[in-house]
There are 2 protein chains.
Amino acid sequence: MTFAEENYLKTIFYLEQEATEGVSTSAIADYLDTRAASVSDMLQKLAKKELIEYKKYYGAILTHNGRNHAILVIRRHRLWETFLVEKLHFGWEEVHEVAEQLEHIKSEKLINAMDKMLGYPKIDPHGDPIPDANGNFTKIEKRLLADCEEKWTGTIVGVKDTSSDFLKILDRKQINLGTVFYILNKEKYDGSIRLKIEDESIALSQKMASNIYIKVISMQNSE
Amino acid sequence: MTFAEENYLKTIFYLEQEATEGVSTSAIADYLDTRAASVSDMLQKLAKKELIEYKKYYGAILTHNGRNHAILVIRRHRLWETFLVEKLHFGWEEVHEVAEQLEHIKSEKLINAMDKMLGYPKIDPHGDPIPDANGNFTKIEKRLLADCEEKWTGTIVGVKDTSSDFLKILDRKQINLGTVFYILNKEKYDGSIRLKIEDESIALSQKMASNIYIKVISMQNSE
DNA sequence: TTAAAATTTTAGACAAATCTAAATAAAATA
DNA sequence: TATTTTATTTAGATTTGTCTAAAATTTTAA
């Protein structure tokens, strides 16, 4: 399996989650910053290897084999990201480029040993789930912070309002991509929410909470 | 810089140490298990990039640039090997294949962080020196075990006599490539040597000691 | 429902790295 | 020194992954 093939499988896996039908040639081309013609060639190659099902002009979906391999590449990527942040103290922005290279290193023994060293983490520094050695992982749906309940634990994955004003407020409150929070309290009266982030208590209005995407880590009282 | 180019530079670096003149096409082809024609092509490419000096039918030598890059690749390789053995508890045989892949990961920050995490090691698990961030390393000369003294620590790097009979004896005594030993005692009378290997005491005749190449790790009493 | 626009595929080309087979140069030897 | 052997290079082909330009198909819209 070449680097290029692995990158295509990983991309198709991502895009499949949002697509209703097959993943289109142009969606892949956009994502990988390549030309539709190149994608078309590769899809036929992957289809011949039975890693995807592919009908011309219809798009691609992963086969059982293809999905397994895509999940393996994602497992490698997310474990390396975790290693870089936890053990080598890389910042959020710095990990992606390096993990894009490391995710193609072929050694089952290596990746399972990394997993063990890191204590079998379930979530990577961005809040995305890490597949285990059998390829199982809990799918985490992103939702608005405003739709969460008291005592949940989650991680910030994005914003709806991308205005500089809003981002500045988040910055000031130390809310970044990947920040893990615990919901101390949700006020029924006005929908305002109080979070605990790194042992500090932070208040957010309903309006702010409606503009922050999060992924739920736990819906139980983990304190 | 592609993987292939880096592998050629690394190979030329190794072979230069033994060659008197330029490194020959066929020596590189042998080492990389490839064809002379392929090597010839690549040498011209590397010469055009000013990574080697190359005269037809004469062989190659590294330029300043080429040498620096070769040393960087070797630094990466040996740091990864050290990581695999020290942190992930890989065996001697298992590290090489994986390190061959990892040595091509491009990130200065990554490799320097690994170096720091490992405590800036000077020698890899095979007893080979690890270049520092500036490319400096102490060249370790291989010598015969028979020419060593009491209380030295070293590592096995090769044999002079490659007969199956001799190798069987070494196997039985648990002496392998990479084995680290401490010289407990050297008998002046007959030149016989007693080693400590993994807390076991092993006796070798002068004849055997004259057929084993080692690298000195320490000439001080490290016990 | 037919014409225009957008998407997708095919055809042909290219760079990288390899190969085999043939040509050429260097080294060894008679 | 002339000839044979060995080593090296060149020529031409192949695979992988990409590209541009052109052809084919699907979608959109008049």
Side-chain angles (χ1 to χ4, degrees), chain A residues 1-13 15-16 18-62 66 69-70 73 100-101 103-106, chain B residues 1-13 15-16 18-62 66 69-70 73 100-101 103-106:
Chain A
M1 186 84 58
T2 66
F3 282 27
E5 287 170 348
E6 287 190 340
N7 284 333
Y8 273 88
L9 290 181
K10 196 181 58 160
T11 301
I12 296 166
F13 184 87
L15 298 175
E16 249 185 15
E18 282 159 28
T20 49
E21 312 269 320
V23 177
S24 73
T25 301
S26 55
I28 298 169
D30 276 4
Y31 192 92
L32 291 176
D33 195 24
T34 186
R35 298 292 167 161
S38 310
V39 175
S40 205
D41 283 351
M42 181 58 95
L43 292 185
Q44 296 180 44
K45 190 177 154 197
L46 292 175
K48 205 154 70 182
K49 290 192 174 189
E50 299 190 339
L51 293 163
I52 61 169
E53 274 176 51
Y54 172 62
K55 256 192 231 169
K56 282 181 189 172
Y57 298 100
Y58 218 76
I61 54 172
L62 294 168
H69 203 97
V73 177
E100 283 292 303
Q101 297 180 59
E103 73 186 5
H104 301 295
I105 302 294
K106 272 101 188 152
Chain B
M1 186 83 62
T2 65
F3 283 26
E5 287 171 346
E6 287 190 341
N7 284 333
Y8 274 88
L9 290 181
K10 195 180 59 159
T11 301
I12 295 167
F13 183 87
L15 297 175
E16 250 186 12
E18 282 158 26
T20 49
E21 312 268 322
V23 177
S24 74
T25 301
S26 55
I28 297 169
D30 276 6
Y31 192 91
L32 290 176
D33 195 24
T34 185
R35 298 291 167 164
S38 310
V39 175
S40 205
D41 283 352
M42 181 58 95
L43 292 184
Q44 296 179 43
K45 190 178 154 195
L46 293 174
K48 205 153 71 182
K49 291 193 174 188
E50 300 190 340
L51 293 163
I52 62 169
E53 276 177 49
Y54 172 62
K55 256 192 232 169
K56 280 180 190 173
Y57 297 100
Y58 219 78
I61 54 173
L62 294 168
H69 203 98
V73 177
E100 283 292 302
Q101 297 179 60
E103 73 186 5
H104 301 295
I105 302 295
K106 272 107 189 147

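In this text the structure is predicted, and so the values were computed from the model without any measurement. The sequence lines fix the lettering, A, B, ..., with proteins before strands; numbering per chain opens at 1. Computed from heavy atoms alone, side chains included, the values below leave out hydrogens, waters and symmetry copies.
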*Candidate nucleotides C:dT9, D:dT9, D:dT10, ranked by approach to the side chain of B:Y54 - the nearest*: D:dT9
I'd like a table of atom pairs between the protein and nucleotides 18-22 of chain D - only N or O on both sides, under 3.5 Å - with the distance next to each one.
{"unit_1": "D:dC19", "atom_1": "OP2", "unit_2": "A:T34", "atom_2": "OG1", "d": "2.7"}
{"unit_1": "D:dC19", "atom_1": "OP2", "unit_2": "A:R35", "atom_2": "N", "d": "3.2"}
{"unit_1": "D:dC19", "atom_1": "OP2", "unit_2": "A:S38", "atom_2": "OG", "d": "2.4"}
{"unit_1": "D:dT20", "atom_1": "OP2", "unit_2": "A:R35", "atom_2": "NE", "d": "3.2"}

I need the [atom1]-[atom2] distance between [X] and [N], as an integer number of Å.
| X | N | atom1 | atom2 | result |
| --- | --- | --- | --- | --- |
| A:Y58 | D:dA24 | OH | C1' | 18 Å |
| B:D30 | D:dT6 | CG | C1' | 13 Å |
| B:Q44 | C:dA15 | CD | P | 17 Å |
| A:K49 | D:dT15 | NZ | P | 13 Å |
| B:H104 | C:dA16 | NE2 | P | 18 Å |

*State, yes or no, whether a side-chain contact exists between A:I12 and A:I61 at a heavy-atom distance under 4.5 Å.*
no
Counting only pairs under 3.5 Å, give me each side-chain donor-acceptor contact of residues 47-57 of chain A, with atom names and distances, residues two or more places apart or in other chains.
{"unit_1": "A:K49", "atom_1": "NZ", "unit_2": "A:E5", "atom_2": "OE1", "d": "3.3"}
{"unit_1": "A:K49", "atom_1": "NZ", "unit_2": "A:E5", "atom_2": "OE2", "d": "2.8"}

Show the atom names and distances, to 0.1 Å, of all donor-acceptor pairs under 3.5 Å that link a side chain in residues 29-39 of chain B to residues at least two apart or in another chain.
none

*May I ask you to decide if the ring planes of A:H104 and A:F3 are parallel, tilted or perpendicular, using 30° and 60° as cut-offs?*
parallel
*Test salt bridge (Lys or Arg N to Asp or Glu O under 4.0 Å) applied to A:K106 - qualifying residues, sequence neighbours left out*: A:E6
Measure all distances between protein nitrogen or oxygen atoms and nitrogen or oxygen atoms of nucleotides 25-29 of chain D, and list the pairs falling under 3.5 Å.
{"unit_1": "D:dT25", "atom_1": "O4'", "unit_2": "A:Y57", "atom_2": "OH", "d": "3.3"}

*Taking all heavy atoms of B:A19 and all of B:G22, pick out the closest pair and write down the distance.*
CB-O, 4.3 Å
*If every non-hydrogen atom of B:S40 is compared with every non-hydrogen atom of B:T25, which pair is closest and at what distance?*
N-CG2, 4.2 Å
_Taking only side-chain N and O atoms of B:T25, does any of them lie within less than 4.0 angstrom of OP1 or OP2 on D:dT9?_
yes
*B:E103: what forms a side-chain hydrogen bond (donor to acceptor under 3.5 Å, both in side chains) with it, not counting sequence neighbours?*
B:K10, B:H77
